[in-house]
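First the structure, in the form of structure tokens, and then the observations on it.
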Amino acid sequence: MKAVDAENITKQYGSFYAVKDLSFDVPKGSVYGLLGPNGAGKTTTIRMIMNVIIPDNGSISVLGEKMSENMKSRIGYLPEERGLYPKMKVGELLVFLAGLKGLRGQEAKQGIDQWLERFDLSEWRDKKAEELSRGMQQKVQFIATVVHKPELIILDEPFSGLDPVNTKLLKDIMLEMKEGGVSIIFSTHRMEQVEMICDNICLINKAQSVLKGNLAEIKKNYGKNTVILEYDGDGLRVREYPEVENIDDYGKYMEIKLKDRADPQKFLESLAGKVRIDRFEIKEPTLNAIFIEKVREKNE
Amino acid sequence: MSKILAVIKREYLQIVRTKSFILGTVLGPVIMGLFIFIPVLVSVMSVGDQERIGVIDASREIYQELAERMDFKLKDGRLKYVLEDYRLTADLEQLKDTLNQKVLAGDISGYMVIPENIIEGGTIEFAAEHVSDFDKISSINKALNTVIIEKRLKKAGLEPGEVSKYMEEVRFVTQKVTKKGVEEDTGGTFIVSYILVLILYMTLIFYGQLILRGVIEEKSSRVVEVVLSSLKPSQLMAGKILGIAAVGLTQYLIWAVFGVALSSYSSSLVSSFLPQASGFKIPSIPVYVFVYFVVFFILGYFLFSTLYAAIGSTVNSEKEAQQLGTPLTMMLVIPILLMMFVMRSPDSTLSIVLSLIPFFSPILMLLRICVLLPPFIEILGSIVLLIVTTVGMIWFAGKIYRVGLLMYGKRPSLPEIIKWVKYK
């Protein structure tokens with residue numbers, strides 16, 4: 001069974017396509033990366049999954065059923081643009097939001113208590129939301145997303161604004177939930193996070209899917225013609241080698257994409273004497289590089 | 001339904017618990033009560049001071065009797081006004097100068113100049129540092145009138161006592177013709193209509209603005225994205241509007257309790273302080289007026305609050321909302337401007353038409369119901385038109401609200417907003 005199955009969904013505003021003919025499916029119990037540059041149509045897609053916006057064409061089924069209002073209580077959604085009622089106390093706010101998901105009474109209270117405890121927020125239960133720091137508000141929002149034990153959670157930039165300690169806590173919880181059978185749709189611009197967490201991805205650009213499938217397979221298909229180079233010296237001299245197709249230079253670190261069928265060994269030889277080499281590694285391209293290439297390709 | 005209930009509960013508790021609601025609801029009537037009772041209390045409690053008033057009586061006929069007439073007493077039994085006779089021995093202007101000095105020095109509070117030809121129709125001048133004490137001026141004026149008219153009558157050979165019998169004012173009462181017959185009306189209708197209509201107007205504006213601010217807060221704090229992952233925009237809007245309606249009805253209930261208490265105790269309270277006002281009575285309001293009041297409040301509230309909610313959803317700040325909200329607020333202000341006209345001629349064709357127009361009808365039909373009970377068919381007509389319009393506006397506003405809530409950035413133009421209605 002699929003956690004989400006979107007078939008040829010389209011949303012149009014006037015002559016502008018927010019999402020065009022998009023299909024993807026999220027296997028149950030996996031982490032699915034929904035990626036794309038700003039304005040690509042990710043939020044519209046998520047809103048359509050959540051039944052907040054109705055697609056003009058195509059169909060979406062969630063957890064094996066056609067998406068409907070009743071399904072909302074089985075899903076948790078942490079939007080990118082998120083907030084809390086500033087004047088409400090944290091505890092009351094969570095009871096309210098849990099209540100909207102159908103979780104009430106003692107069950108709601110216990111769930112909220114446990115989560116507040118886990119996020120070290122118990123002392124803030126009776127404080128107004130506006131008194132919390134941004135990171136704390138984030139955590140409260142996350143609790144509201146998961147307290148009703150959803151079978152599918154959609155997290156849009158869940159780590160933004162969190163310190164390393166809380167980022168780790170949140171990542172651990174995500175993996176815990178995945179192991180518990182929860183399906184997760186994860187949307188972010190941080191490709192290194194996607195590489196570490198996601199099983200499958202769908203890359204959207206300009207309202208359409210440009211790349212999708214199993215992350216490991218995608219990377220394998222790109223072949224081992226990427227070189228990671230840590231160096232010291234004049235980076236420009238690296239470019240002199242004719243088989244170089246593309247370089248992402250960070251000053252002391254480079255990701256170099258060689259042309260198809262280029263021999264990395266010859267490239268290494270050519271570098272000798274030009275720069276000081278601290279590391280030379282032949283590997284699959286990073287998702288970051290794939291993302292940039294795909295988006296650029298489409299825009300050209 | 002349980003989701004709507006959760007929203008209703010949240011809206012209700014969030015507002016009812018605020019200090020401003022508690023102050024507005026409880027202190028409002030208390031302050032109104034104080035406005036009524038404080039002036040009464042002040043005038044009852046203060047003893048007042050004696051005032052010395054100079055009289056230059058050039059005719060030499062008036063002073064004696066005027067002094068007898070001006071026998072107003074202070075609370076402690078002393079005379080309120082003490083008259084001082086200034087003989088006109090030499091030059092009038094010179095005497096006036098002297099008295100002006102006395103007025104400025106505070107020796108006397110004022111003085112009057114009675115001319116020689118007063119019986120034949122001369123003019124009396126009264127000079128004082130200030131002439132704003134209406135009570136004093138009219139007491140003096142009245143006493144002078146009585147004395148001088150009596151003198152004139154006697155001079156013409158008439159008996160003042162007889163004449164005053166004939167001159168007694170014609171008694172004139174106003175009555176209101178209703179289905180139940182004829183009722184006496186001493187202006188109470190006017191005051192009651194005025195107050196009821198103003199309460200309706202103020203609460204419609206107040207609760208409309210409350211909805212507007214609530215929607216903007218939800219949108220600008222982005223909490224709406226979170227909430228919409230659990231319910232439909234229409235459920236959120238319905239919950240919000242019903243929750244705040246419940247707040248409004250709570251406020252009315254508290255005021256009604258105050259009102260009933262006030263009207264049943266006020267007469268005894270006022271008369272215990274002021275025996276001469278024992279006839280004072282707060283006019284009683286017929287039950288049907290209350291029923292219609294609630295009906296028109298509820299309908300008017302739904303009409304305006306859904307539109308305020310729609311406006312709130314299209315903007316990003318309260319400042320932007322003000323521009324867009326003004327035309328809607330004008331729809332409430334216009335009937336208030338027309339109020340005097342409708343009150344004066346409630347039965348004219350124009351009044352009837354105005355009171356049928358949906359946006360005006362809550363205020364103007366209620367006003368006509370207070371002033372004269374219009375034919376039931378007219379009331380029914382206005383209610384039906386209002387319901388139809390309200391249902392249409394709820395549909396329209398719901399469409400806008402649904403799209404507007406999720407739109408950030410530039411404020412949409414009106415044609416863009418109209419386009420939203422077509423979105424699936």
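Below, all heavy atoms of this structure are taken into account, side chains as well, without hydrogens, waters or symmetry copies. Chain letters run A, B, ... following the sequence lines, proteins first, then strands; residues in each count from 1.
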Is the count of non-hydrogen atoms from other residues, nucleotides or ligands lying under 6.0 Å from [X] atom [atom1] greater than 12?
| X | atom1 | answer |
| --- | --- | --- |
| A:K178 | NZ | yes |
| A:D21 | CG | yes |
| B:E416 | CD | yes |

How many angstroms lie between [atom1] in [X] and [atom2] in [Y], if you round to the nearest 0.5 Å?
| X | Y | atom1 | atom2 | answer |
| --- | --- | --- | --- | --- |
| A:L100 | B:L5 | CG | CG | 11.0 Å |
| B:S229 | A:R82 | OG | CZ | 12.0 Å |
| A:M88 | B:S221 | CE | OG | 11.5 Å |
| A:I54 | B:R402 | CD1 | CZ | 8.0 Å |

**Request:** With a 4.5 Å cut-off on heavy-atom pairs, point out which of B:V7, B:V227, B:V223, B:L228 contacts chain A the most.
**Result:** B:V223
**Item:** Heavy-atom contact with chain A under 4.5 Å, split by part of B:L406
**Value:** both
Quick one: does [X]'s side chain get under 4.5 Å of [Y]'s, heavy atoms only?
| X | Y | result |
| --- | --- | --- |
| A:F96 | B:K9 | no |
| B:Q14 | A:Y85 | no |
| A:E92 | B:R10 | no |
| A:P79 | B:V226 | yes |
| A:E80 | B:R222 | no |

**Message:** Check B:E217 with A:K87, please: is the shortest side-chain N to carboxylate O separation under 4.0 Å?
**Reply:** no
Under 4.5 Å, counting heavy-atom pairs only, tell me which of [options] racks up the most with chain B.
| options | answer |
| --- | --- |
| A:R104, A:M71, A:K72 | A:K72 |
| A:E81, A:Q141, A:M50 | A:E81 |
| A:E130, A:H148, A:Q12, A:K101 | A:K101 |

